Amino acid sequence: MTDKPVVLMPEDIQRIMGKDAQRNNILAAKMVAEIVKTTLGPKGMDKMLVSPTGDIIVTNDGVTILDEMQIEHPAAKMMVEIAKTQESEVGDGTTTAVMIAGKLLENAEKLLDKKIHPTVITKGYRMAAEKCQEILNEISLKITSEDEEILKQVAMTAMTGKGAEDSRERFADIIVKAVKQVQANGKVDLNDIKIEKARGEGIRDTELISGIVLDKEKVSADMPIVIQDAQIALIDFPLELKTPEIDTKISISSPEQLQSFIAQEEKAIKDMVDKIKESGANVIFCQKGIDDFAQYLLSKENIYACRRVAKSDLEKTAKATGGKIVSNLSELTQFELGNAQFVEEVKRGEDVMTYIKGCQNPKALTILIHGGTEHVIDEIERAIKDGLGDVVSSLKTRLVVPGGGAIEVEIAKRLREFGQSLSGREQLAVEEFASALEFIPVTLAENAGIDPIDILTELKSRHDSGEKNAGLNLFTNKVENVLEARIIEPYKIKSQAIDSASEVAIMILRIDDVVASSGGSGGRSAGGLPPGMAGMD
Ligand code: ADP
Ligand code: MG
């Protein structure tokens, strides 16, 4: 009768179970939501993130913040994933998604305190999430691709409070124009809109270029700075003689032989340049190298040339100018050339760029962001990307919703009505789901320094009396019809946020056991319970 202990797992396995695991995960998720909370909405604050190497980012973009924070807690990481999904699916609404998830978990905790079993909560949440989508589909507003005014408002709402304040209108104009220009068969590929940055001048000088801006200078100072009526050859092979793959020895026994060898090489290059000239090209963009002699000959012919142009840039230039990328010189004719009104080298401080401008009906183009400092430009870039994402998303689904918390309050209201039809404890979960959504207008108010309780009370009573577009307008700090105030967002922001937030909340609630192996030698990245999780009892 020996009492030998039963050993299931190695000793260095760390494990927390039951309520502890649950509470710990919920706490971590809430902390993540708490981090981004103060950045929500136009009056949200920014965060300054400093990397170990001293790089600085100033932003209020949810996904950027969480991405830079190197979060380690497993449940918290799942929250960060929500932001990433939101970013890749819609390109905006990352803070919203994370906050809804955080609030769903916080509210679930209240139910756990009331001894409601997690499976009941998750069941209720699942029903609520499904119902949300139904309601959302019902109350979203239909638009067409001709509704440019609405698309502009969507872009402006996305950029409100993102450092683009004075130029929002102009940026929205640029965004909608760009999207409409590259649209093909009702589809938009955001890769066709190049974003390039130029230091110097103010952000209001940001411009839409009917063409491509390349971060490249011409290869030789002797080439012309501007080419009018540009005929552009796009090639993806080098303008130089092939260097043999293996070391080659050439035996030359007399000066004449050397001469003739060099002459031969030069002739081959000259033939290449002649061929380019014959095609009628006066500009050439080359994905590979251009050697000195070729540069010399091209300059003599007044041809503008850039080398080592990135493949993606070459492809965009082809789309913008209507040219074709050629892989073999014998294929190069005038029909492969792209056209632009002009190609120009522009110097700004230390930056040198090549502008390909004035393309007829370009299928790719450039938004050139100007700004005084790198940090400003980067934040404007994030704002413009949010705007682009939102406009494209609105065009794709052809559905938009009122912002300023209006849609959240309306969904919450209808969700509660739906809850009434349920019996038992799931109703409580649906109720908590509804109040999690109301956390969005509450936070919008809080971040603007307005009393959130007053606002929520007013919002709820206005919605009860049938004003389904009543939201918090943070231009006036009043509850009003936000559609009239032009605060409009894409449907997909909300549907995606609700979907991923509820999925993750449910997943975290179902965990009651965390088993972490330390993977031997220790060290944080080698596994084990992350800091903050270990040491629970
Ligand atoms: P997210 O990362 O979720 O997109 P944002 O900081 O971009 O977070 O804030 C988005 C929220 O701000 C949305 O709920 C949107 O309706 C709201 N919002 C935008 N402009 C206004 C405005 N003028 N008044 C009130 N709310 C606004
Ligand atoms: Mg946003």
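We count ligands from 1, going down the list as the structure has it; atoms in each ligand are counted the same way. The structure displayed is predicted, hence computed values, not measured ones.
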Which is it for D512 and K19 under the salt bridge (Lys or Arg N to Asp or Glu O under 4.0 Å) test, yes or no, and what are the steps along the way?
CA-CA 7 Å; D512 78 339; K19 274 213 184 84; over 6 Å; no
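- Near G403, meaning under 4.0 Å from any of its heavy atoms, are these atoms of ligand 1: 16 (O).
- A salt bridge does not link E87 with K84: every distance from a Lys NZ or Arg NE/NH1/NH2 to an Asp or Glu carboxylate oxygen is 4.0 Å or more.
- Nearest protein heavy-atom contact of atom 24 (N) of ligand 1 is L474 N, 2.9 Å.
- Look at E106 and K110 and you find no salt bridge, because none of the NZ, NE, NH1 or NH2 atoms lies under 4.0 Å from a carboxylate O.
- For atom 4 (O) of ligand 1, the nearest non-hydrogen atom from the set T64, D92, N473 belongs to D92.
- With respect to E379 and K162, no salt bridge is recorded, no charged nitrogen being found less than 4.0 Å from a carboxylate O.
- Note: an N/O pair closer than 3.5 Å links G41 and ligand 1 by distance alone.
- Look at P42 and you'll find a heavy atom under 4.0 Å from some atom of ligand 1.
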Let me see the working for E410 and R414 under salt bridge (Lys or Arg N to Asp or Glu O under 4.0 Å), right down to the final yes or no.
CA-CA 6 Å; E410 184 65 20; R414 297 189 188 209; 2.9 Å; yes
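- Considering backbone and side-chain N/O atoms, G404 comes within less than 3.5 Å of an N/O atom of ligand 1.
- The one candidate from L27, V80, N25 that meets the side chain to side chain contact (heavy atoms under 4.5 Å, CB included) condition with H73 is N25.
- The protein atom (non-hydrogen) at minimum distance from atom 19 (C) of ligand 1 is T157 CG2, 3.6 Å.
- Looking at atom 1 (P) of ligand 1, its nearest protein heavy atom turns out to be G93 CA, 3.6 Å.
- Within the 2.8 Å limit, D92 places at least one N, O or S atom next to the Mg ion (ligand 2).
- Taking every heavy atom of E489 and a limit of under 4.0 angstrom, the matching atoms of ligand 1 come to 13 (C), 14 (O), 15 (C), 16 (O).
- Using a 4.0 Å cut-off between heavy atoms, T96 contacts ligand 1 through both its backbone and its side chain.
- The closest protein non-hydrogen atom to atom 22 (C) of ligand 1 is I487 CD1, 3.5 Å.
- Residue-ligand proximity, L40 to ligand 1, at heavy-atom distances under 4.0 Å covers atoms 3 (O), 6 (O), 8 (O), 9 (O).
- Heavy-atom contacts of F475 reach the following atoms of ligand 1: 23 (N) (cutoff under 4.0 Å).
- Protein heavy atom closest to atom 25 (C) of ligand 1, with residue, atom name and distance, is L472 O, 2.9 Å.
- Applying the 4.0 Å criterion to heavy atoms of K162 picks out, from ligand 1, the atoms 5 (P), 6 (O), 7 (O).
- Side-chain contact of T157 with E489: a donor-acceptor pair under 3.5 Å is absent, judged by distance alone.
- By the criterion of a heavy-atom distance under 4.0 Å, neither the backbone nor the side chain of D386 is placed next to ligand 1.
- The part of T39 lying near ligand 1 is the backbone, judged by heavy-atom distances below 4.0 Å.
- No heavy atom of G62 sits closer than 4.0 Å to any atom of ligand 1.
- No hydrogens or angles considered: a donor-acceptor pair under 3.5 Å links the side chains of E480 and N473.
- Contact check for K316 versus K319: no side-chain heavy atoms found under the 4.5 Å cut-off.
- Taking the side chain as every heavy atom from C-beta outward, E408 and P441 approach each other to under 4.5 Å.
- Remark: the R382 side chain and the T59 side chain contain an N/O donor-acceptor pair separated by less than 3.5 Å.
- Of the possible donor and acceptor atoms, none in the side chain of K194 sits under 3.5 Å from a partner among the backbone N and O of I367.
- For E408, the heavy-atom gap to ligand 1 stays at 4.0 angstrom or more.
- A salt bridge is defined here as a Lys NZ or Arg NE, NH1 or NH2 lying under 4.0 Å from an Asp or Glu carboxylate O, and K37 with E446 meets this definition.
- Remark: among candidates I493, T95, V90, T476, the nearest residue to atom 2 (O) of ligand 1 is T95, based on non-hydrogen atoms.
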